[in-house]
Amino acid sequence: MKKTLLLFCWGLFTIGVFAGQTQASLFEVKAMRNYKGVVEYLDNIVKTYGQNAQEFVLGDSDSGQKIIGVKVGNGPVNNLVVATHHGNEYGSTEVALRFAYTVAVKPIAGQTIWVVPVLNIGGYNAGRREEMSSTRGKSYDPNRNYPSPCGTEGPFTLKSTAALARFIVEKNIVASATLHTFYPAVTYPWGLSTKDLTTGYESIFKGLVQTAAADSHYKTGNTTDLIYAANGSFEDYAFMQQGIWSLLFELGSTHNPSPKQVEDMIAVNVPGLRRMMESAPAQRADKHSFTGTCDRSRGRADRHDE
Ligand SMILES: [Zn+2]
């Protein structure tokens, strides 16, 4: 009898270990994967936590593939995390995937979180910053591809950026985090070529970047001041057009993080992303147009993102 009980307990133990290993390998960090691997990760989230998470299609991309994301939770406030506007910044994809996994395990009360781990699929698969337009025969920087009062390299010459712009309207996105590598910093609008950098919501934005960076101890502040001016970015567009509380995360200290460095980025940023979403206002900003003057002399002198 004792022997049977012992065998039974051993059986339970081995099943437990096996299940634990399977679970871990489904959601493991990689230094680099292709887009197929990203979608498999999302499939695994949905298979395991289907009660909280479903896949969605953001739209078509110039690569010919669908841009897939995961929707987590069912709350009335819709918030967004987008990684890899720049295809070579795979560390940001890994942070987005782990964030999606953690909110699928424990959704944020009152919110629906939309996570797009790779916006620029062609660039991601090729390890290239830019994205190739299928109709224009040339590449564009996706994060200079939105309309902007101080200039743009677009607007919307890529299917991906046009799809994201439609999406934030359709879903009434209230707060967004875009993930890039590297600086490290967490910043807020305006990131334009201007000396008129205040939006009128400095204290709200300061609170958000500080809570986002509480574990990482990344630098925080205004994008142009801290990093550089970049006209035509999603972060400015989302705030300017829709009043979305839009933060820019420049993660880690390299575009080529090792698996250990990816783990470190995840450890200090995933909790911060969650806190940012939990503490963001539940409504968009009322006054969000840019009323300053563009100043081209504030420009491209100090770029960390190339
Ligand atoms: Zn970037």
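In each ligand, atom 1 is the first atom listed, and ligand 1 is the first ligand listed. Each residue takes its place number in the sequence, starting with 1. Just so it is clear, the structure is predicted and the values come from calculations on it, not from any experiment.
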Is the ring pair Phe167/Phe56 parallel, tilted or perpendicular, if the boundaries are 30 and 60 degrees? parallel
Regarding Asp62 and Ser160, is there a side-chain donor-to-acceptor distance under 3.5 Å anywhere? no
Pairing donors with acceptors under 3.5 angstrom, does anything connect the side chains of Asn78 and Trp114?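 Trp114 and Asn78 do have a side-chain donor-acceptor pair below 3.5 Å.
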So, 2.8 Å as the limit: is an N/O/S atom of His180 located closer than that to the Zn ion (ligand 1)?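 Checking the Zn ion (ligand 1) against His180, an N, O or S atom does fall under 2.8 Å.
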I'd like to know: is the Zn ion (ligand 1) within the 2.8 Å range of an N/O/S atom from Glu250, strictly under that distance? no
Between Phe182 and Leu251, is any pair of side-chain heavy atoms under 4.5 Å apart?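 Not in contact.
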Any idea which N/O/S atom from His86 gets closest to the Zn ion (ligand 1)? ND1
